[in-house]
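Structure first, commentary second.
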Amino acid sequence: MEKIKMTTPLVEMDGDEMTRILWQDIKDILLTPYIDLKTEYYDLGLPEREKTKDQVTVDSAEATKKYGVAVKCATITPNAQRVEEYKLSQMWKSPNGTIRAILDGTVFRAPIMVEGISPVVKNWKKPIVIARHAFGDVYRATEQRVTAPGKAELVFTAADGTETRQTICDFDGPGVLQGQFNKDASIRSFAHACFRFALDAGQDLWFSTKDTISKQYDHTFKDIFQEIYDSEYKTAFEAKGIEYFYTLIDDAVARVIRSEGGFIWACKNYDGDVMSDMVSTAFGSLAMMTSVLVSPDGKYEYEAAHGTVTRHYYRYLKGEQTSTNPVATLFAWTGALRKRGELDYLPDLVAFADRLEKATIDTIESGVMTGDLAGLWEGKHKARVVTSREFLTAIAERL
């Protein structure tokens, strides 16, 4: 069989631990036998990030700006234990945070639904898409541990030298400080991305913050969204019969739980991180969630929404077989290949991505699945738990 051709490479960002193993298996079993795969490869595994002082992460983001489409494996964001384990020179920042800051994108995450696995929230009938702002907030924050009494101040020095000061806290003992920020330009990009995505999907858009408490920070998000909607998107939304509305995040959570799904929920960076995990788990599994970063100028980075599956990796290193779910990582590849095919007018590549996703869903619905899904299974076929490689091989046979 002649392999499907590509004309422009994908930016390929390799990762860490168990997902790195799955990454290579997906390529070997499901991609390279059928596609003349062209990628520009970047190793974002923690050892290489240490070796390059994290320059490889920056380079991969810049390559994404050049080529337009990237696919990323899950990576470690090191904590103190990881610094010791990997003998790191410093606690490197989240690669996702670095890439998102460079691309100034919005992350859209949606559950992968299959017949036979019912959402924990029984009235959810349709996917809920989380639109997560991917710039600033706690992910780019500056932190300080306070060890003695003293006064902490928020100081802003304008370009003309004018200075404003606000007291944050008069510490009477040890504590901790955190300063975070955002920019109007990034918030505006986030709003445009959400409104365009909603129009393309024909779905209602919800946006939530906590502006009653954060009367400057969160209120700025609310005001910018409303101004952009009123001036640029209201007419198009009404013509399409879809709705945009703002509500407090605690009210949004209550509404989401009572809903049947089928809408887009826009959240600030941290809120989106937490709520996407909640939504994906309630729909079935963290490994059944698509994730794509979309920049304002139309660059795309596809990834799995979950981590590196450390527990399974340690078992793998002992020579044990694991039943790790590769679906989110596989759908990162299919998403990137489909987008590359759309941009390069390669219908065979688009069709391959569609068929590979269908083969994956059909394999699960036939009763063949990894262990994380078996406990949730309510399908008509008896669940058969298989290893990761056996699952990928079963998809290949169906494909």
Side-chain angles (χ1 to χ4, degrees), residues 57-58 61 64-65 77 93-109 129-144 152-159 162-169 176-198 205-233 244-250 252-253 264-277 291-299 301:
T57 306
V58 175
T64 304
K65 292 168 73 173
T77 299
K93 292 196 172 186
S94 161
N96 290 342
T98 299
I99 294 165
R100 290 165 188 162
I102 292 172
L103 295 179
D104 187 24
T106 297
V107 178
F108 294 94
R109 289 180 171 173
V129 177
I130 299 287
R132 174 186 172 188
H133 188 211
F135 180 81
D137 295 353
V138 68
Y139 300 86
R140 307 295 288 179
T142 301
E143 300 180 314
Q144 185 174 333
E153 294 182 298
L154 186 64
V155 181
F156 176 74
T157 306
T162 305
E163 189 178 273
T164 57
R165 288 174 175 266
Q166 294 175 275
T167 298
I168 299 170
C169 181
V176 65
L177 283 168
Q178 182 183 84
Q180 62 182 42
F181 69 94
N182 228 292
K183 298 180 179 180
D184 282 12
S186 182
I187 299 169
R188 297 185 76 86
S189 294
F190 173 43
H192 282 295
C194 292
F195 289 128
R196 289 170 188 158
F197 194 94
L205 174 66
W206 304 11
F207 179 49
S208 60
T209 70
K210 193 70 171 175
D211 67 288
T212 52
I213 302 300
S214 178
K215 299 181 189 300
Q216 292 291 331
Y217 199 104
D218 282 21
H219 217 298
T220 297
F221 277 80
K222 176 185 177 182
D223 292 344
I224 288 175
F225 260 73
Q226 194 64 51
E227 178 258 309
I228 289 175
Y229 174 71
D230 289 341
S231 63
E232 299 187 45
Y233 294 98
Y244 164 71
F245 75 90
Y246 171 85
T247 188
L248 293 173
I249 190 162
D250 41 351
V253 170
I264 299 153
W265 182 12
C267 298
K268 288 166 52 200
N269 208 345
Y270 177 76
D271 296 342
D273 191 357
V274 174
M275 294 307 168
S276 65
D277 279 3
S291 182
V292 56
L293 175 72
V294 183
S295 74
D297 57 347
K299 313 301 183 190
E301 183 243 319

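Side-chain atoms are counted along with the backbone in the values below, which use heavy atoms only and exclude waters and symmetry mates. This structure is a prediction, so every number in the text was calculated from the model and none was measured.
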In sequence, state the C-alpha distance, the side-chain angles, and the governing distance for Val107 and Arg100, and then conclude on side-chain contact (heavy atoms from CB on, under 4.5 Å). CA-CA 9 Å; Val107 178; Arg100 290 165 188 162; 3.7 Å; yes

Is the closest side-chain heavy-atom distance between Leu248 and Thr209 below 4.5 Å? no

Do Pro95 and Thr77 make a side-chain contact, defined as non-hydrogen atoms from C-beta onward lying under 4.5 Å apart? yes

Between Asn182 and Phe135 the two heavy atoms that sit nearest each other are ND2-O, 3.0 Å

Does the side chain of Thr212 come under 3.5 Å of the side chain of His219 through a donor N or O and an acceptor N or O? no

What orientation do Phe245 and Trp206 show, parallel under 30°, tilted 30 to 60°, or perpendicular over 60°? tilted

To the nearest 0.5 Å, tell me how far Leu154 CG sits from Ile168 CD1. 5.0 Å

Quick check for you: to the nearest 0.5 Å, what is the distance between Cys169 atom SG and Leu177 atom CG? 7.5 Å

Between the SG atom in Cys194 and the CZ atom in Phe108, the distance rounded to the nearest 0.5 Å is 5.0 Å

Would you sort out whether Phe197 and Val129 count as a side-chain contact (heavy atoms from CB on, under 4.5 Å), showing the intermediate values? CA-CA 10 Å; Phe197 194 94; Val129 177; 4.0 Å; yes

I need the minimum non-hydrogen distance between Lys93 and Ala141, along with the two atoms involved. NZ-O, 4.4 Å

Distance col, row Ser214:OG vs Lys222:NZ, nearest 0.5 angstrom, shows 12.0 Å

CD (Glu143) with more than 12 external heavy atoms under 6.0 Å: yes

Taking C-beta and beyond as the side chain, do Thr162 and Thr157 meet within less than 4.5 Å on heavy atoms? no

Restricting to non-hydrogen atoms, name the atom on Ala134 and the atom on Leu293 that form the minimum distance, rounded to 0.1 Å. CB-CD1, 3.8 Å

Under 3.5 Å, is there a donor-acceptor pair linking the side chains of Ser186 and Asp104? yes

Is the backbone of Asn269 close enough, under 3.5 Å, to the side chain of Arg132 for a donor and an acceptor to pair up by distance? yes

Do Asn96 and Ser94 have a side chain donor and acceptor closer than 3.5 Å? no

Per ring-ring contact (aromatic ring centres under 6.0 Å, His included), Tyr244 is matched among Phe207, Tyr233, Tyr229, Trp265 by Tyr229

Close side-chain approach of Glu163 and Phe156, heavy atoms under 4.5 Å: no

Evaluate the side-chain proximity of His192 to Ile228: yes if any heavy-atom separation is below 4.5 Å, no if none is. yes

Could you report the tightest heavy-atom contact between Thr106 and Ser189, atom names first, then the distance? OG1-O, 4.5 Å

salt_bridge(Glu227, Arg188) N-O dist < 4.0 Å: yes

Closest approach of Tyr270 to Asp137 (non-hydrogen atoms, all atoms of both residues): N-OD2, 4.3 Å

Is the side chain of Asp211 donor-acceptor paired with the backbone N or O of Asp218 at a distance under 3.5 Å, no angle test? no

I'd like to know if the side chain of Tyr217 reaches the main chain of Phe181, judged simply by a donor and an acceptor atom lying under 3.5 Å from each other, with no hydrogens or angles considered. yes

Could you state the interatomic distance from CD1 (Ile130) to SG (Cys267), rounded to the nearest 0.5 Å? 5.0 Å

Name the orientation class of the two ring planes belonging to Phe190 and His133 (parallel below 30°, tilted from 30 to 60°, perpendicular beyond 60°). parallel

Between Lys299 and Glu301, is there a salt bridge with N-O shorter than 4.0 Å? no

Would you say that Lys65 contacts Leu103 through its side chain, given a criterion of any heavy-atom pair below 4.5 Å between the two side chains? yes

Any non-hydrogen side-chain atom of Met275 less than 4.5 Å from a side-chain atom of Val253? yes

Can you find a heavy atom in the side chain of Thr98 that is under 4.5 Å from one in the side chain of Val58? yes

Under the salt bridge (charged side-chain N to carboxylate O under 4.0 Å, His left out) rule, what do Lys210 and Asp271 come out as? Steps first, then yes or no, please. CA-CA 10 Å; Lys210 193 70 171 175; Asp271 296 342; over 6 Å; no

Kindly indicate, with the supporting measurements, whether the criterion side-chain contact (heavy atoms from CB on, under 4.5 Å) is fulfilled by Thr57 and Ile99. CA-CA 7 Å; Thr57 306; Ile99 294 165; 4.0 Å; yes

